[in-house]
Structures are given as C-alpha cells and as structure tokens.
Amino acid sequence: MPQEVGDARSRLPQLDALLRHPAAEEPIDTHGRRAVAEALRGELERARHALRDGRGPVPRDHELVAAADDALHRQRAGRLTRVINATGVVLHTNLGRAPLSAAARAAVAAAAGYTTLEYELDRGTRGSRTRHVGALAAEACGTEGATAVNNGAAALLLVLAALADGREVIVSRGELIEIGGSYRLPDVMAASGARMVEVGTTNRTRLSDYRAAITDESALLLKVHRSNYDVVGFTEEVSVAALAELGREQGVPTVYDLGSGLLRAVPDGPLTAEPTVEAAVRAGADLTIFSGDKLLGGPQAGLVVGRADLLLRCNQHPLARAVRLDKLQRAALEATLEAHLRDDLPLEVPALAMLHADVATIEQRARWMAAELGEGATPVATEGLVGGGASPGVTLASWGVTLGTADPDGLARRLRAAEVPVIARVERDHVLLDLRTVPPSLDAEVVDLVLGSRDG
Ligand SMILES: *Cc1c(COP(=O)(O)O)cnc(C)c1O
C-alpha cells in the first residue's frame with residue numbers, strides 16, 4: 001500500500017464526530033440517529049474504497065453528512081406514496097387498483113385502532129372475523145353464504161385446497177390463464193394439492209369434454225373467466241349454466257373464478273360484455289370467486305360467494321388462517337359492500353364513478369385545464385382502459401390534455417418527482433394527462449403540480 005493512500009484513509013473522520021456535526025442535526029431529527037449512523041457508515045466505507053483506489057481527495061465532513069442525508073432521502077422515497085393517476089387506466093394494478101370511497105377511507109381510519117375484529121359487543125365474547133362481512137357480501141350477491149380472504153388468488157387457492165386436495169379439478173384448456181405478477185392457474189392448482197385435469201383445446205371446449213373427464217376422483221368443475229385476453233375466431237366454450245347443470249347431475253360442484261367481480265349489469269355502460277356475479281349465481285355456480293379491488297371498487301380482497309356447506313369447509317381449512325383478511329381490508333370492504341347494497345350503481349365508489357363518467361364532462365374539464373396551463377397544453381379526445389385485467393377489448397372514450405415538449409420522458413420524470421407525483425402517459429412528442437382517472441376535485445391541484453414541473 002503506498003504510504004500516502006494509507007495516510008489519506010486515516011484522515012477520514014470518526015463516525016461519532018460526523019454524528020455531532022451541526023449538519024447532522026436535521027437528518028437525525030427526520031430519520032433517527034441509528035439510520036443516520038448507518039448511512040454515514042456507508043459513506044465512510046465508500047470514501048475508504050475511493051481513497052484506496054486512488055480516486056478523489058479526502059471528503060470534507062459536511063460532504064459526508066450531506067451524502068448520507070441524500071442516501072436516506074432516496075431510500076425513504078420508496079415508501080408508499082399518494083399519486084395522481086392521469087394514465088386513464090381505471091384499475092391500474094401498479095397504482096393500487098381501485099381507489100377507495102370516502103366511506104371506505106373513513107372506515108379504515110376508524111378501524112386503525114382497537115376494533116371489534118373478532119369480538120361480540122353484546123356478549124363481550126370472542127366473535128367471528130368474517131361473519132358480518134360475509135353476510136353483507138351474500139346479501140349483495142344474493143347467495144346463501146359468502147366469505148372474504150386476502151385476495152382473489154388466495155380465494156381460489158383456499159377453495160381448491162379445501163374442496164379438492166388430492167383429487168381432480170376439471171378445467172378447459174382455453175381457460176388456463178396467466179395474470180400479471182406470476183399468477184398462473186396451473187401453478188395455483190399445483191400449490192393447492194389438487195390435480196388438474198385439462199379438457200378441450202385452446203380454442204374449443206364442449207360440454208361432452210367435461211362429461212367424459214368426470215370420474216370418482218372429480219372434486220370440482222372449474223370455470224375461469226378469461227379476464228385479461230380474448231379468444232376470437234373459431235371458438236366454443238361451455239357456459240357456466242351448462243357446466244353447473246352437468247355438475248348437479250353428476251354430483252360435482254362447479255366453481256367459477258370470475259376475477260373482475262362486476263356485481264350486476266349496468267345497461268348502456270362500458271362493461272356490458274363483462275360477466276356479472278349476479279348472472280353467475282343465477283346460472284347455478286356453486287361458488288363464485290372475485291376480487292374486492294377490481295370492479296367491486298373496494299380494497300384488496302378475495303370474495304367467495306355461494307353454497308354455505310362448501311364455504312364452511314373453506315373457512316375450517318388450515319389455510320383460511322394464512323389467507324385471512326386484516327381489519328383494514330375488512331373495514332373498507334364492509335363500507336364498499338354497503339354502498340352496493342344501497343344502490344345498483346353506487347357512484348360514491350370511485351372506480352365506478354370513473355368508469356361511468358360522462359365524456360362531455362371530462363371534455364369540459366380538459367378544456368378548462370388546458371386553458372389554465374396555457375401555452376403548449378392542448379385538450380384532446382383520448383381513450384382509457386378499464387385495467388386490472390378486466391375487459392381487455394374495451395376502451396373508454398375520454399378527454400385529456402397533451403403537454404407538448406421536446407423531451408417527453410424528462411417531463412414525465414419531473415411530474416413523477418412532483419410533491420404529489422402525477423403519473424402520466426408518455427407519447428412520442430408529448431405527455432398526455434387522461435382526466436377520466438383524475439377525480440374532478442383534484443383538477444386544480446393537477447394544474448399547480450404541472451405548472452411546477454414544466455421547466456427543468
Ligand atoms: C384478477 C384475477 C384473479 C386474481 O385476483 P387477485 O385479487 O389479483 O389476487 C384470479 N382470477 C381471475 C380470473 C382474475 O381476473
């Protein structure tokens with residue numbers, strides 16, 4: 001080791017001295033002493049490496065403290081952060097799918113402390129975590145029973161494990177779906193302990209295919225909604241009604257993984273092609289599974305609705321504990337279900353309000369916003385998406401504002417770095433803000449945030 005490098009390294013300050021530096025006071029207030037010490041250790045280590053490699057002068061104390069502060073800020077920026085969704089994708093998976101209603105938010109806040117999660121107020125005894133929320137879901141869906149777990153994938157896993165472990169589940173080759181984030185139906189099936197029996201072909205499956213596959217080992221007939229893709233052309237699939245009838249005749253329950261969870265049809269809306277929970281129940285599915293945070297518009301959850309005897313077996317399975325709902329989910333889900341019970345199309349649920357928002361109103365807002373933003377901002381007709389792996393072929397006529405710029409990526413990055421990050425669409429020569437997914441109450445805030453991000 002050359003003598004002068006060893007000397008330079010020995011001129012680095014002690015950690016304690018850095019922690020006593022006046023510039024360290026604020027970071028210690030913000031992040032805590034331990035975190036600042038850890039970050040400073042990292043900076044000292046980096047400086048030691050640089051000096052050993054003969055790079056750079058010995059850093060000054062205040063530079064080390066500032067570098068540690070920056071590192072802490074970058075690290076903390078990873079925390080869950082409120083954003084404004086200007087993408088036009090209503091159930092944006094990366095942005096947390098459905099935004100909660102005001103009532104659901106209030107219920108979450110109220111449930112954050114001690115609650116009656118598993119407590120009977122009347123008798124002062126232990127109560128059921130899911131009985132009340134299950135009763136609301138059953139009422140909303142018109143079923144004998146219902147339960148709720150952590151998410152849709154967990155709901156299917158639990159149903160398969162509880163009702164088909166070690167036995168056979170018959171499913172069409174045309175419905176072996178993959179949803180984003182490594183959810184693949186055959187893998188879920190394998191994890192549950194059920195044996196998958198595939199019938200039919202990718203594009204055509206007939207009732208006779210299912211019938212031929214039924215044996216003494218058959219535990220369930222499974223129908224899966226192709227929620228995120230379409231099969232077009234020479235196709236054939238079996239309706240849930242026909243499948244359920246076959247199942248009843250053969251004594252094998254039918255489970256419908258509906259995924260998107262639209263409760264009932266809304267005439268003239270954008271979702272007329274979407275299957276509904278109501279129709280699935282009416283068609284005779286013994287259990288229907290869907291997510292809480294797709295078209296129901298509530299929190300992340302997986303709902304299972306249908307026959308009480310099958311639900312009892314699900315609730316008593318050991319996995320039920322592992323996939324249970326937490327108190328915040330339950331609070332938001334109850335508030336969301338109450339909204340659906342009050343109203344066939346509860347527009348207090350933000351996702352539903354956004355999906356059904358009148359395009360003329362969105363146009364007015366886009367024109368107002370473009371005028372407020374001034375030069376370079378242009379109101380435009382655009383198209384949004386339902387998102388969340390629902391209604392893949394459906395686009396939502398919408399309006400937005402384009403922000404002309406020579407550097408769309410740069411502007412989009414500055415918008416993401418705004419005090420409240422604005423997530424926009426980046427196109428070839430502009431950035432687009434689609435207003436369908438921006439609550440009207442945030443329009444003025446968006447204007448301020450965009451004006452503050454324009455230059456840079
Ligand atoms: C979305 C979806 C799931 C998974 O639900 P999560 O709530 O995301 O876990 C399962 N099946 C279908 C058909 C879906 O669309």
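In listed order, ligands and their atoms are each counted from 1.
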Trainee: Only one of Asp409, Thr405, Leu432 forms a side-chain contact (heavy atoms from CB on, under 4.5 Å) with Val426, so which one is it?
Mentor: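 With Val426 as partner, Asp409, Thr405, Leu432 yield a single side-chain contact (heavy atoms from CB on, under 4.5 Å), made by Asp409.
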Trainee: Considering all heavy atoms of both residues, which atom of Arg129 and which atom of Glu118 are nearest to each other, and what is their separation?
Mentor: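 Answer, listing the atom of Arg129 first, then Glu118: NE-OE2, 2.9 Å.
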Trainee: Can a cation-pi geometry be assigned to Arg204 and Phe234, taking NZ or CZ under 6.0 Å from the six-membered ring centre and within 45° of the ring axis?
Mentor: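 Judged by the rule, Arg204 and Phe234 form a cation-pi pair.
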Trainee: Whether Arg307 and Asp309 form a salt bridge (side-chain N of Lys/Arg under 4.0 Å from carboxylate O of Asp/Glu) is what I want to check.
Mentor: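 Between Arg307 and Asp309 there is a salt bridge, with a charged N closer than 4.0 Å to a carboxylate O.
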Trainee: So which pairs with a foot in residues 73-117 pass ring pair (Phe, Tyr, Trp, His ring centres under 6.0 Å), sequence neighbours left out?
Mentor: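 Matches after skipping sequence neighbours: His31-His73.
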Trainee: Look at Arg226 together with Glu237 and state whether they make a salt bridge at an N to O cut-off of under 4.0 Å.
Mentor: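 Yes.
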Trainee: Can you pull the residues with any heavy atom under 4.0 Å from ligand 1?
Mentor: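 Protein residues near ligand 1 are Arg97, Asn151, Gly152, Ala153, Ile177, Ile179, Tyr183, His225, Ser227, Asp257, Gly259, Ser291, Lys294.
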